[in-house]
Number of protein chains: 2
Amino acid sequence: MGASKSDYFSAEQNEMAQLMKALGHPARIAIVEHLVKINSCVCTDIVNEIPLSQPTISQHLKELKNAKIIKGTIEGNSICYCLNHETLTKIESYIKQIIKTDQEKKSCC
Amino acid sequence: MGASKSDYFSAEQNEMAQLMKALGHPARIAIVEHLVKINSCVCTDIVNEIPLSQPTISQHLKELKNAKIIKGTIEGNSICYCLNHETLTKIESYIKQIIKTDQEKKSCC
DNA sequence: TTATTATATTGCAATATTACGATATATTAT
DNA sequence: ATAATATATCGTAATATTGCAATATAATAA
């Protein structure tokens, strides 16, 4: 096959997997880190910073935007991409909750 | 193409992307959640819990194990899979750091 | 030993992702 | 209007992922 059977899983599980997947590529991790590093956040900067072609970066940005990990606002000629704190916090809370719940049990490994 | 150009990115970026990618599938999210929910953590339980075939689940477990998100110890006939707190904490700290660093700057979106 | 149970591996088909050249679109500058 | 700049989309090739049937492996049970 190749298509993941998302019907078999809950909406929450699919959503979290999608968020993780969006961050599951070094270029997209690098984009997120670059957005953190700089104050201005137009796409050209990213193209110059990351050694991938403009269409490829545009595609990665689109995936991050779809996952709501970043948000972009058109600013004249260029686009201002920024991190979406709400989504990042959702990821952090999820992982934190997993760790916390698991720590309450006696581990067997 | 199709192969991600991991040479272009730092070891840290590749590592974090790999961790995220390992969690980037609903079946693997479901496996992690199931490991949290139950105390005993053999694979058979997972096969009964998640509507995918045994080989498919075995494959997903392998990916989680490769990423060190879970660890398994052989226990007689079966295997005891548990979460790896160290790795999960690494993910949590990373996201937390991103949010923290970004909040220190004035957002432009 | 033979059967049973639990898990892993192999092989393969279907689908998805990654990357980029070419091209389109849209805004600003001249 | 024309050129320049910034970003998106299309088309396509290369590679990766997903899923499973069949089979292998390994431990325990009978």
Side-chain angles (χ1 to χ4, degrees), chain A residues 1-9 13-14 17-18 20-31 34-35 40-67 70-82 108-109, chain B residues 1-9 13-14 17-18 20-31 34-35 40-67 70-82 108-109:
Chain A
M1 312 280 153
S4 81
K5 305 201 159 181
S6 50
D7 292 357
Y8 294 172
F9 305 100
Q13 287 169 338
N14 279 308
Q18 218 177 340
M20 295 298 187
K21 195 176 182 182
L23 290 173
H25 190 287
R28 295 194 289 270
I29 288 287
I31 288 172
H34 188 64
L35 287 182
S40 81
C41 41
V42 284
C43 176
T44 320
D45 285 356
I46 300 170
V47 171
N48 293 330
E49 179 78 10
I50 294 167
L52 292 172
S53 74
Q54 181 269 320
T56 303
I57 289 173
S58 184
Q59 197 175 285
H60 282 308
L61 285 168
K62 192 181 180 184
E63 278 174 75
L64 287 170
K65 207 166 43 177
N66 283 346
I70 65 174
K71 47 188 169 183
T73 39
I74 297 167
E75 196 141 315
N77 207 6
S78 58
I79 292 183
C80 173
Y81 279 117
C82 299
C108 53
C109 296
Chain B
M1 313 274 153
S4 80
K5 305 201 157 179
S6 50
D7 292 357
Y8 296 171
F9 305 101
Q13 287 169 338
N14 279 308
Q18 218 178 341
M20 295 299 187
K21 195 176 181 179
L23 290 173
H25 191 287
R28 294 194 289 271
I29 288 286
I31 288 171
H34 188 66
L35 287 182
S40 81
C41 40
V42 285
C43 178
T44 320
D45 284 355
I46 300 170
V47 171
N48 292 331
E49 179 79 11
I50 294 167
L52 291 172
S53 73
Q54 181 269 321
T56 302
I57 289 173
S58 184
Q59 197 176 286
H60 283 307
L61 284 167
K62 193 182 180 182
E63 278 173 75
L64 287 170
K65 205 165 45 177
N66 283 346
I70 64 174
K71 48 188 168 182
T73 39
I74 297 168
E75 197 142 311
N77 206 7
S78 58
I79 292 182
C80 173
Y81 280 117
C82 299
C108 53
C109 298

To the nearest angstrom, the OH-P distance between B:Tyr81 and C:dT7 comes to 8 Å
Once you round it to whole Å, what is the distance between C1' of D:dT5 and CG of A:Asn48?
12 Å
Where the side chain of A:Ala3 is concerned, which of C:dT5, C:dT15, D:dA8 is the nearest nucleotide?
C:dT15
Would you list the pairs meeting salt bridge (charged side-chain N to carboxylate O under 4.0 Å, His left out) in which at least one residue belongs to residues 53-62 of chain B, sequence neighbours left out?
none
Counting C-beta onward and ignoring hydrogens, is there a side-chain heavy-atom pair between B:Ile46 and B:Leu35 closer than 4.5 Å?
yes
Separation between CD1 of A:Ile79 and CG of A:Leu61, rounded to the nearest 0.5 Å
8.5 Å
Closest-nucleotide mapping onto DNA chain D: is A:Tyr8 or A:Leu61 further toward the 5' terminus? I mean the 5' end.
A:Leu61
Taking OP1 and OP2 of D:dG19, is either one under 4.0 Å from a side-chain nitrogen or oxygen of B:His60?
yes
When A:Glu63 and A:Gly76 are each assigned the nearest nucleotide of DNA chain C, the 5'-most assignment goes to A:Glu63
For the pair A:His60 and A:His25, name the ring-plane relationship: parallel under 30°, tilted 30 to 60°, perpendicular over 60°.
tilted
Quick one: B:Gln18 CD to D:dA16 P, roughly how many Å, whole number?
13 Å
Using the closest heavy atom to pick a nucleotide of DNA chain D for each, name whichever of A:Lys62 or A:Ser78 lands nearer the 5' end.
A:Ser78
Find the distance B:Ile79:CD1 to D:dT25:P and express it as a whole number of Å.
16 Å
Given atom CD1 of B:Ile74 and atom C1' of C:dT5, what is their separation to the nearest angstrom?
15 Å
In residues 50-59 of chain B, which ones come under 4.0 Å of DNA chain C, going by heavy atoms?
B:Gln54, B:Pro55, B:Ser58
Roughly, in whole Å, what's the span from CD in B:Glu75 to C1' in C:dT7?
14 Å
Whole-Å gap separating P (C:dT27) and CG (A:Asn77):
9 Å
Taking C:dT17, D:dA8, D:dA6 as options, the one with an atom nearest any side-chain atom of A:Lys21 is C:dT17
Contact between A:Asp45 and A:Tyr81 at the side-chain level, heavy atoms closer than 4.5 Å - yes or no?
no
What's the spacing between A:Leu23 CG and B:Leu23 CG if we round to 0.5 Å?
10.5 Å
Can you sort out the partners of A:Thr44 under side chain to side chain donor-acceptor pair (under 3.5 Å), two or more places apart, ordered by chain and number?
none
Options D:dT18, D:dT7, C:dT15, nucleotide nearest the side-chain atoms of B:Arg28:
D:dT18
May I have the distance from B:Glu49 (atom CD) to C:dA6 (atom P), rounded to whole angstrom?
16 Å
